[in-house]
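Let me begin by presenting the structure, written as structure tokens, before commenting on it.
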Amino acid sequence: MAAGAGGARKRSAGPPSPIWGTLRALWKDKQRVLFKPEYTLLVAAVLWIAEIGINAWVIHRVEYTEIDWKAYMDEVEGVINGTYDYTQLKGDTGPLVYPAGFVYIFTVLYYVTGRGRDVRLGQYLFAVFYLVTLLLVFRIYLRTSKVPPFVFFFMCCASYRIHSIFILRLFNDPVAMMLLFVAVNLFLDGRWTLGCCFYSLAVSVKMNVLLFAPGLLFLLLCEFGLLRSIPRLSLCAAIQVALGLPFLLENPLGYVSRSFDLGRQFLFEWTVNWRFLPEEIFLSRYFHLALLGAHLSMLLLFTLYRWNRSQESIIALLKDPAQRRHTSLKLTADQITYTLFTSNFIGVCFSRSLHYQFYVWYFHTLPYLLWSGRVTKLAPLLRVLILGLVELSWNTYPSTVYSSAALHACHLIILLSLWYGEEAAVDLHKRK
């Protein structure tokens with residue numbers, strides 16, 4: 001009987017299933033899974049599925065905080081009631097200061113959430129926005145294959161502030177960035193015209209997306225030359241006019257001055273990045289002009305010496321690619337991503353003020369900037385430390401002298417690393 005039972009046990013032990021065999025192989029090779037970019041898809045899929053549960057848990061367990069949602073609903077309700085003069089549109093927190101795309105998108109959210117009253121449904125909608133954004137960002141990292149997969153844990157599951165911006169605050173910044181990442185993916189696919197459409201739509205939600213504009217202009221000139229870039233630039237402008245037309249017809253100056261107010265004054269109490277300055281300097285127009293000059297100067301330096309890695313001069317890039325002295329190769333995914341992300345990062349570094357929701361402007365680009373292949377002089381542990389210090393600075397409320405200084409120190413290290421990483425970038429280009 002015992003022998004028979006033992007035989008039965010032997011017969012029941014068949015070959016291991018393919019799934020179990022794969023999991024065992026991955027566990028044995030876990031170091032490669034965590035550190036080799038070729039496993040990006042696997043790690044991204046696991047983290048994305050985990051994020052579904054994390055978002056649901058946060059929505060149900062962490063208290064929602066009202067900041068701007070009610071104001072957004074009041075602003076779009078004014079439009080629904082027939083007010084098209086932007087100077088007359090306002091909410092609890094002040095006047096409407098976002099372009100027309102914001103009005104249309106949040107009008108849809110207004111109706112879907114029962115005139116903005118069903119905040120819980122709004123949170124679930126923003127959780128969807130978060131998951132879509134994460135998919136788009138993961139696709140960019142999959143295309144560039146520069147970042148070790150373990151870093152993605154810090155980019156999603158570990159960030160309290162980003163989850164808060166999306167699903168506990170319901171800001172409009174995540175909507176703008178979601179559309180922006182759609183545009184970046186389209187650029188990587190070579191669909192420049194459609195990408196420009198989504199880029200313009202992103203700008204129409206919030207004008208911070210204009211920080212990507214210098215990099216995008218440079219890429220368009222590289223890819224098409226000046227004459228063939230003009231139709232795409234005109235399309236971006238036409239979309240802005242079409243979306244804003246009802247408001248432009250009512251009060252054109254009021255619409256432009258409110259929705260694209262480049263001189264808007266920010267409150268010192270909300271600044272994340274300049275807390276170590278005296279308030280009078282923070283509010284000074286001379287300080288603002290100095291930041292603008294530094295911003296433009298840094299963009300010029302990167303354009304001349306970092307973005308332009310071809311043998312052509314900047315002036316030659318205005319020509320049609322077929323007429324240039326040297327044969328122009330197609331832009332790589334790495335070149336497109338690097339140019340757009342550094343353009344935006346430079347703008348963030350020299351911003352007059354950064355509020356807590358502005359973290360989403362560049363959060364998802366930080367791993368690429370630190371691990372893109374150009375930053376060769378920073379040890380992996382130091383890069384993780386920089387990510388942690390940036391996160392800590394944005395999670396310090398209210399901001400302090402030390403949190404603001406730490407944030408600027410991290411920005412400076414990243415910027416210097418990108419600048420001095422030119423040689424590695426050129427070698428990478430040659431390998432391409």
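As a basis for the values below, the full set of heavy atoms in this structure was taken, side chains included, without hydrogen atoms, waters or symmetry mates.
Salt bridge annotation for Asp334-Arg143: absent, with no cationic side-chain nitrogen under 4.0 angstrom from a carboxylate oxygen. Between Glu38 and Arg32 there is a salt bridge, since a side-chain N of the basic residue sits under 4.0 Å from a carboxylate O of the acidic one. A salt bridge links Arg139 to Asp189: at least one charged side-chain nitrogen sits closer than 4.0 Å to a carboxylate oxygen. Remark: Glu223 engages Lys330 in a salt bridge, criterion side-chain N to carboxylate O under 4.0 Å.
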Evaluation steps, side-chain hydrogen bond (donor to acceptor under 3.5 Å, both in side chains), between Asn172 and Tyr72 | CA-CA 9 Å; Asn172 63 329; Tyr72 293 164; 3.0 Å; yes

Trace of the side chain to side chain contact (heavy atoms under 4.5 Å, CB included) decision for Phe106 with Leu109 = CA-CA 5 Å; Phe106 277 81; Leu109 294 175; 3.8 Å; yes

Stepwise side chain to side chain contact (heavy atoms under 4.5 Å, CB included) test for Val209 and Tyr199 | CA-CA 8 Å; Val209 180; Tyr199 175 79; 3.5 Å; yes

Starting from the C-alpha separation in whole Å, work towards a yes-or-no answer on side chain to side chain contact (heavy atoms under 4.5 Å, CB included) for Thr365 and Thr337.
-> CA-CA 9 Å; Thr365 72; Thr337 306; over 6 Å; no

Is there a side chain to side chain contact (heavy atoms under 4.5 Å, CB included) between Leu170 and Val119 once you walk through the steps?
-> CA-CA 9 Å; Leu170 312 184; Val119 176; 4.2 Å; yes

Please report the C-alpha distance between Gln123 and Tyr64 in whole Å, then the side-chain angles of each, then the deciding distance to 0.1 Å, and finally whether the side-chain hydrogen bond (donor to acceptor under 3.5 Å, both in side chains) criterion is met.
-> CA-CA 9 Å; Gln123 289 182 278; Tyr64 164 79; over 6 Å; no

Applying ring pair (Phe, Tyr, Trp, His ring centres under 6.0 Å), run through Trp274 and Phe268 and close with a yes or a no.
-> CA-CA 8 Å; Trp274 295 114; Phe268 184 67; over 10 Å; no

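Across all their heavy atoms, Tyr84 and Val79 have their closest contact at CE2-CG1, 4.0 Å. Residues Met178 and Thr133 share a closest heavy-atom pair of CB-OG1, 3.4 Å. Closest approach of Val76 and Val103 over heavy atoms only: CG1-O, 3.8 Å. When all heavy atoms of Ser404 and Val272 are compared, the pair lying nearest together is OG-O, 2.6 Å. Across Ala202 and Leu180, no two heavy atoms sit closer than the pair CB-N, 3.7 Å. Across every non-hydrogen atom of Tyr359 and Ser159, the tightest pair is CE2-OG, 4.3 Å.
Contact of the Leu131 side chain with the Ile49 side chain is not registered, since no non-hydrogen atoms from C-beta on lie closer than 4.5 Å. In this structure the side chain of Gln357 never reaches within 4.5 angstrom of the side chain of Phe166, judged on heavy atoms. Within the 4.5 Å cutoff, the side chain of Leu125 has heavy atoms near those of the Thr113 side chain. With a 4.5 Å cut-off on side-chain heavy atoms, Tyr130 and Ile162 count as touching. Within the 4.5 Å cutoff, side-chain heavy atoms of Phe345 are placed close to those of His411. Looking at Thr87 and Pro95, their side chains never come closer than 4.5 Å, going by heavy atoms from C-beta outward.
Less than 6.0 angstrom separates the ring centroid of Phe341 from the ring centroid of Tyr368. Ring pair Trp270/Tyr356: centre-to-centre distance not below 6.0 Å. Note: Phe358 and Trp394 fail the aromatic proximity criterion, with ring centroids not under 6.0 Å apart. Outside the 6.0 Å centre-distance limit, the rings of Phe171 and Trp69 are not counted as a close aromatic pair. In this structure, the ring of His364 has its center no less than 6.0 angstrom from the ring center of Phe138. Centroid-to-centroid, the aromatic rings of Phe363 and Trp361 stay 6.0 Å apart or farther. Between Phe150 and Phe35, the ring centre distance stays below 6.0 Å. Checked against the 6.0 Å centroid criterion, the rings of Phe152 and Tyr141 qualify as a close aromatic pair.
Sorted by first then second residue, the salt bridge (Lys or Arg N to Asp or Glu O under 4.0 Å) pairs that include residues 196-217, not counting sequence neighbours, are Asp173-Lys206.
Under 3.5 Å, the side chains of Gln88 and Tyr86 contain no donor-acceptor pair of N or O atoms. No side-chain donor-acceptor contact under 3.5 Å links Glu77 and Asn81. Using modelled atom types and a 3.5 Å distance limit, the side chains of Thr271 and Asn273 yield a donor-acceptor pair.
Around the CZ atom of Arg228, the shell of radius 6.0 Å holds more than 12 heavy atoms that belong to other residues, nucleotides or ligands. For Leu249, the CG atom is densely surrounded, since the number of other residues' heavy atoms within 6.0 Å is greater than 12.
In this structure, Ser297 contributes its side chain and Gly293 its backbone to a donor-acceptor pair below 3.5 Å.
Evaluated for a side-chain contact (heavy atoms from CB on, under 4.5 Å) with Pro99, the options Tyr104, Phe247, Tyr255 yield exactly one hit, Tyr255.
Cation-pi geometry between Arg275 and Phe282 is not met: the NZ or CZ atom fails to fall both under 6.0 Å from the ring centre and inside 45° of the normal.
Between Phe276 and His408, the angle of the ring planes goes over 60°, which puts this pair in the perpendicular group of the 30/60° scheme. Ring pair Trp192/Phe224 is perpendicular by interplanar angle, where above 60° counts as perpendicular and below 30° as parallel. The aromatic rings of Trp307 and Phe218 lie tilted to each other, with the angle between the two planes from 30° to 60°.
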